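A quick note: this is a predicted structure, and the numbers were derived from the prediction, not measured.
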Amino acid sequence: NDVSDRHGHGTHCSGSSVGRDGIGYAPEASHIFAKVLSDSGSGSSSWINSGRVWAAKEGADIISESLGGGSGGRADTDAIEAAYEHGICLDVCAAGNSGYRGANTIGYPGRYESVACIGAYQQNGSIANFSSGGREIDYAAPGQNIISTSARGGFQ
């Protein structure tokens, strides 16, 4: 299977977590990569669910999902539960990029109770204008002007 990152988002997210040379918050960690979306960044929930279960079977401790959609379903929750049963300890999911205007804008899988839902904040500490919001947010993390790895090589 071709796991090349032609979109760049997965490489950036991976570099933010694992990183090297002083970049990234867990430089001693190792990664298992699963490409669950197309080169344009879209795909089906069945692809994502297969990736969740595959990663857990491969020995992942944490699954990081910087993706989302407007609807969820039983197949998603079954796959998340199967991943926990296979040994993951945490599924971390983005809240989304729909902004927050007083009404819940969090997408799935971030809305599920069984995952850690992460919003984004700016360098000044305020919530990033693009970050989705709602009661499901468990944590917020830096989300703007992040230096990370680039799919074209180097950092951006």
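- One distance of note links CG of N104 with OG of S132; it measures 8.0 Å at 0.5 Å rounding.
- Among pairs with a residue in residues 30-56, those fulfilling ring pair (Phe, Tyr, Trp, His ring centres under 6.0 Å) read H31-F33, at least two apart in sequence or across chains.
- Side chain to side chain, S150 and H12 fail the donor-acceptor criterion of an N or O pair below 3.5 Å.
- Contact of the L37 side chain with the H9 side chain is not registered, since no non-hydrogen atoms from C-beta on lie closer than 4.5 Å.
- The side-chain contact (heavy atoms from CB on, under 4.5 Å) test with Y121 is passed by exactly one of P142, S126, S131: P142.
- With contacts defined as side-chain heavy-atom distances shorter than 4.5 Å, the pair Q123/Q144 does not qualify.
- Of all heavy-atom pairs between G72 and Y108, the closest is N-CD1, 3.4 Å.
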Trace of the side chain to side chain donor-acceptor pair (under 3.5 Å) decision for N145 with Q122
CA-CA 8 Å; N145 300 319; Q122 302 176 65; over 6 Å; no
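- Looking at Q156 and T149, their side chains never come closer than 4.5 Å, going by heavy atoms from C-beta outward.
- In the hydrophobic clustering of ILVMFWY residues, with side-chain heavy atoms under 4.5 Å counting as a link, V92 and Y139 come out together.
- The cluster map of Ile, Leu, Val, Met, Phe, Trp and Tyr, joined by side-chain heavy atoms under 4.5 Å apart, puts Y112 and I63 in the same cluster.
- Rounded to the nearest 0.5 angstrom, S45 OG and R52 CZ are separated by 8.5 Å.
- Side chain of K57 to backbone of H86: no donor-acceptor contact under 3.5 angstrom is found.
- Taking each heavy atom of I32 and E58 in turn, the nearest pair found is CD1-O, 3.7 Å.
- Closest approach of T105 and Y100 over heavy atoms only: OG1-CA, 4.1 Å.
- Atoms CZ and CD1, from F155 and I147 in turn, are 9.5 Å apart once rounded to the nearest 0.5 Å.
- Using a 4.5 Å heavy-atom threshold, the side chains of C117 and R111 count as separate.
- Not one N or O on the side chain of Y84 forms a donor-acceptor pair closer than 3.5 Å with the backbone of A56.
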Stepwise side-chain contact (heavy atoms from CB on, under 4.5 Å) test for D61 and L90:
CA-CA 7 Å; D61 295 315; L90 184 62; over 6 Å; no
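- By the rule that hydrophobic residues join a cluster once side-chain heavy atoms approach within less than 4.5 Å of another member, I62 and I80 end up as members of separate clusters.
- Heavy atoms only, all atoms of each residue included: A116 and D138 are closest at CA-OD2, 3.3 Å.
- Interatomic distance, C93 SG to I106 CD1, rounded to the nearest 0.5 Å: 11.0 Å.
- The minimum heavy-atom distance linking P109 with G68 is given by the pair CD-CA, 4.2 Å.
- Residue E65 comes nearest to I48 through the heavy atom pair OE1-CG2, 3.8 Å, listed as atom of the first residue, atom of the second, then distance.
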